[in-house]
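Read through the structure below, which is laid out as structure tokens, and then see the notes.
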Protein chains: 2
Amino acid sequence: MSSRPSLAQVAALSGVSVKTASRALSGEGYVAVETKARVQNAADELGYRLNRTARELRRGGNTSTLVGLLSGDLANPFYSRLASGLERELRMHGLQLITASTDENPEWERRLTDSLLERRVRGLVVVSTMAEHGHLAAERRHGSPFVFVDRPPVDLTADAVLLDNRGGAKSAAEHPLERGHRRIGIVGDLSRLTTHQDRVEGFAEAMEAAGITGWRDYLLEDAHDVDKAERAVHSLLARDPAPTAVFTTNNRITTGALRALRASGNRDKALIGFDELDLGDVLGVTVVAHDPEEMGRHAARLLLARLEGDDGPARRVILPTRLIERSTTAVH
Amino acid sequence: MSSRPSLAQVAALSGVSVKTASRALSGEGYVAVETKARVQNAADELGYRLNRTARELRRGGNTSTLVGLLSGDLANPFYSRLASGLERELRMHGLQLITASTDENPEWERRLTDSLLERRVRGLVVVSTMAEHGHLAAERRHGSPFVFVDRPPVDLTADAVLLDNRGGAKSAAEHPLERGHRRIGIVGDLSRLTTHQDRVEGFAEAMEAAGITGWRDYLLEDAHDVDKAERAVHSLLARDPAPTAVFTTNNRITTGALRALRASGNRDKALIGFDELDLGDVLGVTVVAHDPEEMGRHAARLLLARLEGDDGPARRVILPTRLIERSTTAVH
DNA sequence: GTGAAAGCGCTAACAC
DNA sequence: GTGTTAGCGCTTTCAC
């Protein structure tokens, strides 16, 4: 439990100045081969390890290699795949990812954002659960780039990587409509989220274009976890008349719906979900798919461009979705 | 893009010394209420934000709030659920998680370990892909606690959270054996991993206890991703005589097997997988289940105990598995 | 209550 | 090639 050796101790042991030791170990500047070897030996002997935070402090400004990610729970495959794509891309550029889960709690998000900024992260990627982001405006003036993912910034100009939620949801509604369904239920996540609102809008657009006006009777919101979703779908199926098809607006809700349908022995209800599922192909679930890892990579690229000095206007990347037709919407 | 204000600038603006500004903002030590307010205003006006790395440098030693996690790819639900459980537990104790993916590459693991240690993380949680860990012995003398998860340390004494791989695999073999299966295939991950070896051992134990000697003919290894696993299962099913049941030793291999079984239209093969699947209940896959999030929480607790000064002998937590019987092993 | 000086571990700048 | 000095942003120590 001895305290960690510093460069000064390595220098003392090898009989050179601190600066020479620094040069020898960092490889920056000229050092005699023999001196270098002596310093290296001393470092090995002491178990010396560079203190990167001290280096970054001295080098000043933007030399940190840390990037923060704020998102919901990593146990949700959407977030973990996003994190995976982001981390890999950053790693290839020598950056490290520090992840913080907000659990969709704005208070946590605020605290964790502060914490990451105090740590002088090089940039921040955020799946925000907050209603507005004006408080971050001051940060941007100090040069910390933000990239918003999945949900756009409000009252703030910043880069964003978003999905075509509206278009995806529209196609999700059109698909059963084309197969003759008229009563299509829709189960959604937290109603305050723009992703949710956009998906409902896209759904509404298709329903209204098909001349269906009563669709709101079959709208259930705030089914934020699998259990709530399962109950919501059960209650939807208990309506009279019952819907003949259900659109679930994200992966957890789809999971809940699958459980509900299985439990109720309902094999003739059509189901279509937003987000691909891990075993969606094996299960045969029709989905509106997209690529969370690709979102992560895009976020990394936007961030890297900013770090390389790009100071152009905020960019907004909208990634497409694609409908994958499987057996849950097959016509019997 | 102006550079970030320092405490000195806040002090200057509010007309006090740096130390008073420090006290006012950190709340440590006595400051007149009025002075405090003046400093706070100046800080707000400048958009001041504490530089936590500078604080930690000055405070010396072990004051960092960073914990590192080294694991395979976060896109694998096993790792992401592990990370989720770990992160939540750490967050409740004011610590932050920095994640690095090794992609099961020892060289990456080594580099990333160095990098995290240079960053002076408070501790390290690692799902190691390396064959031995003697090189970390020096680190432990400097007080950086390590917790090994899923795979034990080799040539190093350290805390570990492991699964009962042998017992779990044994029960996975006994289950189809009890149902009359004699030719049971087994498809495994990288053969160099101890988890894999232990699972094969447990499987072997049950098979040999049942008097079956030729089981190795149906052993396929190094199916490290879903595609490889799918091909492996296809080739297994093509054997003559074909196995009547398959044991897949982790979640991705089970996924591959489900695809292979579905593609080949083979509905009468029994399947049992190690690791629970996201929709395992809906799919009806018999599995040897365990709780990755719980592993993460345990790792956090071991680490926290060390940080609080526990210097007792290395602890080893072995978490149980439990067999969940579902339709893929139902008798027709 | 407040402040001046020193220093955490490192590197930039400028010697020699 | 190598050393000296200063300083990154903060807190500790000890004064007032």
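Chain letters run A, B, ... following the sequence lines, proteins first, then strands; residues in each count from 1.
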Contact list for DNA chain D against residues 5-19 of chain B - heavy-atom distance below 4.0 Å =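 Heavy-atom cutoff 4.0 Å gives B:Ser6, B:Leu7, B:Lys19.
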
Determine the contact category for [X]: base if any of its heavy atoms lies under 4.0 Å from a base atom, sugar-phosphate if only primed atoms, P, OP1 or OP2 are that close, otherwise nothing.
X	value
A:Thr35	sugar-phosphate
B:Arg52	nothing
A:Ser26	nothing

Divergence of helical axes at both termini of the helix from C:dG1-D:dC16 to C:dC16-D:dG1 - five pairs an end, 10° steps =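 It comes to 40° between the two terminal axes.
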
Integer-rounded Å distance: [N] [atom2] and [X] [atom1]:
X	N	atom1	atom2	answer
B:Arg23	C:dA4	CZ	C1'	11 Å
A:Arg58	C:dC8	CZ	P	15 Å
A:Glu28	C:dC10	CD	C1'	12 Å

Tell me, with the steps shown, if A:Glu294 and A:His298 meet side chain to side chain donor-acceptor pair (under 3.5 Å).
-> CA-CA 6 Å; A:Glu294 180 68 13; A:His298 267 287; 3.2 Å; yes

How many angstroms lie between atom OG of A:Ser101 and atom CD of B:Glu87, to the nearest 0.5 angstrom?
->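 Result: 4.0 Å between the selected atoms.
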
By nearest nucleotide on DNA chain C, pick out whichever of A:Ala54 and B:Tyr30 is the more 5' one.
->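 That would be B:Tyr30.
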
Pairing donors with acceptors under 3.5 angstrom, does anything connect the side chains of [X] and [Y]?
X	Y	value
A:Ser80	B:Arg81	no
B:Gln96	A:Ser115	yes
A:Thr53	A:Asn51	yes
B:Thr65	A:Arg119	yes

Neighbour count >12 (heavy atoms, 6.0 Å) for atom CZ, B:Arg301 |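 Check passes, neighbour count above 12.
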
Within a radius of less than 6.0 Å around CZ of B:Arg49, do more than 12 heavy atoms belonging to other residues, nucleotides or ligands occur?
->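 More than 12 within 6.0 Å, yes.
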
Ionic contact status for B:Glu293 with B:Arg297, cut-off 4.0 Å =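 The answer is no: the pair does not qualify as a salt bridge.
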
Are A:Glu104 and A:Arg151 close enough for a salt bridge, meaning some N to O gap below 4.0 Å?
->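 Yes, charged N to carboxylate O under 4.0 Å.
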
May I have all residue pairs that pass ring pair (Phe, Tyr, Trp, His ring centres under 6.0 Å) and include part of residues 116-141 of chain B, sequence neighbours excluded?
->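 Every ring pair (Phe, Tyr, Trp, His ring centres under 6.0 Å) pair that includes a residue of residues 116-141 of chain B, provided the two are not neighbours, is B:His133-B:Phe148.
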
When you list every nucleotide of DNA chain D with an atom under 4.0 Å from a heavy atom of chain A, which one comes first 5' to 3', and which comes last?
->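 So the outermost contacting nucleotides come out as D:dG1 to D:dG9.
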
Would B:Arg140 and B:Thr157 satisfy side chain to side chain donor-acceptor pair (under 3.5 Å), going step by step from the backbone distance to the final call?
-> CA-CA 9 Å; B:Arg140 267 185 50 92; B:Thr157 308; over 6 Å; no

Would one find a side-chain N or O of A:Arg55 under 4.0 angstrom from OP1 or OP2 of C:dT11?
->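 Looking at the OP1 and OP2 atoms of C:dT11, one of them is under 4.0 Å from a side-chain N or O of A:Arg55.
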
Heavy atom of residues 40-48 of chain B under 4.0 Å from DNA chain C: which residues?
->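 The answer is none.
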
Output all residues satisfying side chain to side chain donor-acceptor pair (under 3.5 Å) with B:Asp44, sequence neighbours left out; order by chain, then residue number.
->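 Only B:Gln40 meet the side chain to side chain donor-acceptor pair (under 3.5 Å) criterion with B:Asp44.
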
